[in-house]
Amino acid sequence: MKKIVVIIALAISIVSCDKPVAEVKEVKTAYVDTSVLMKEYTATKDLDAKYKAKGEEKGRQLQAEINRFKQEASNFQAQAQANGQAWAQQKGVELQKREQQLGQAQQALSQELQQEGGVEMDSLVANVKRTIKAYGKEKGYAYIYGTGDSNASILYAEDKFDITKEIIKLLNDKYKTPAKEEAKK
């Protein structure tokens with residue numbers, strides 16, 4: 001009885017080995033050069049321009065105050081001799097405090113712009129990732145890797161796997177520049 005069970009098991013295993021192996025599906029992969037993507041994506045350029053203009057606008061007010069301070073500091077030298085040492089010491093302390101306040105104001109402005117820009121940039125990056133994910137699903141990619149200056153997860157790839165230009169075109173086509181929309185109206 002045992003021999004029959006062993007023979008049947010052996011026969012089943014031999015028959016099952018004769019079945020053709022399922023065909024291995026080719027895995028479709030590509031990569032995106034994220035540093036090129038972020039340089040050429042219109043939304044990134046617009047965001048950079050927005051915060052540059054915002055920085056210049058807010059910086060003008062601060063720069064006017066800095067210029068007034070510099071003028072006052074240069075006048076301090078001449079007035080110190082005329083008004084005496086006690087006045088010079090008091091005025092010197094006031095000027096130091098103002099200089100510190102102006103430095104703090106510059107630093108606060110820089111931090112404010114970085115925080116505001118950072119929030120918008122995070123949103124932009126999240127949108128880019130969603131777009132790449134949707135593109136990958138639509139085109140049947142198993143993997144889309146990222147490469148670039150800051151996240152070199154690919155050390156080498158053939159150029160034929162680079163879909164950066166396609167993604168940039170897709171993103172730029174989806175993105176409507178605010179200035180272009182207003183010009184159309």
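Count residues from 1 along the sequence.
Taking both residues in full, the closest heavy atoms of Thr29 and Phe161 are given as O-CD2, 3.5 Å, listed atom of the first, atom of the second, then distance. The two atoms that bring Val32 and Ile144 nearest to each other are CG2-CG2, 3.8 Å, heavy atoms only. Annotation for Lys45 and Lys39: closest pair CE-O, 3.1 Å, computed over non-hydrogen atoms.
Counting non-hydrogen atoms of neighbouring residues, nucleotides and ligands closer than 6.0 angstrom, the CD atom of Gln85 reaches no more than 12 such neighbours.
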Table please: side-chain donor-acceptor pairs of residues 119-142 below 3.5 Å, with sequence neighbours left out.
from, atom 1, to, atom 2, distance (Å)
Glu120, OE1, Lys50, NZ, 3.2
Glu120, OE2, Lys50, NZ, 2.7
Glu120, OE2, Tyr51, OH, 2.5
Thr131, OG1, Asn127, O, 2.9
Thr131, OG1, Lys174, NZ, 3.1
Tyr135, OH, Glu166, OE1, 2.1

Kindly list each side-chain donor-acceptor pair under 3.5 angstrom involving residues 102-110, sequence neighbours excluded, with atom names and distances?
none

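Shown here are the side chain to side chain donor-acceptor pair (under 3.5 Å) partners of Lys169, two or more places apart in sequence or in another chain: Asp173. Lys58 is linked by a side chain to side chain donor-acceptor pair (under 3.5 Å) to Glu112, counting only residues two or more places apart in sequence or in another chain. Asn172 meets the side chain to side chain donor-acceptor pair (under 3.5 Å) test with Thr42; sequence neighbours excluded.
Atom CE of Met38 sits about 8.5 Å away from atom CG of Asp48, to the nearest 0.5 Å. The CD1 atom of Ile168 lies 8.0 Å from the CG atom of Asp33; values are rounded to the nearest 0.5 Å. For the atom pair CD of Gln71 and CD1 of Ile66, the computed distance is 14.5 Å after rounding to the nearest 0.5 Å. Interatomic distance, CG of Asp46 versus OH of Tyr41, reported as 9.5 Å (0.5 Å rounding).
Hydrophobic cluster membership is shared by Val27 and Tyr31, with clusters built from Ile, Leu, Val, Met, Phe, Trp and Tyr side chains linked at under 4.5 angstrom.
A donor-acceptor pair is defined here as one N or O able to donate and one able to accept, closer than 3.5 Å; no such pair exists between the side chain of Thr34 and the backbone of Gly146.
Pairs passing the side-chain hydrogen bond (donor to acceptor under 3.5 Å, both in side chains) check and including a residue from residues 60-70, sequence neighbours excluded, read Gln63-Asn67.
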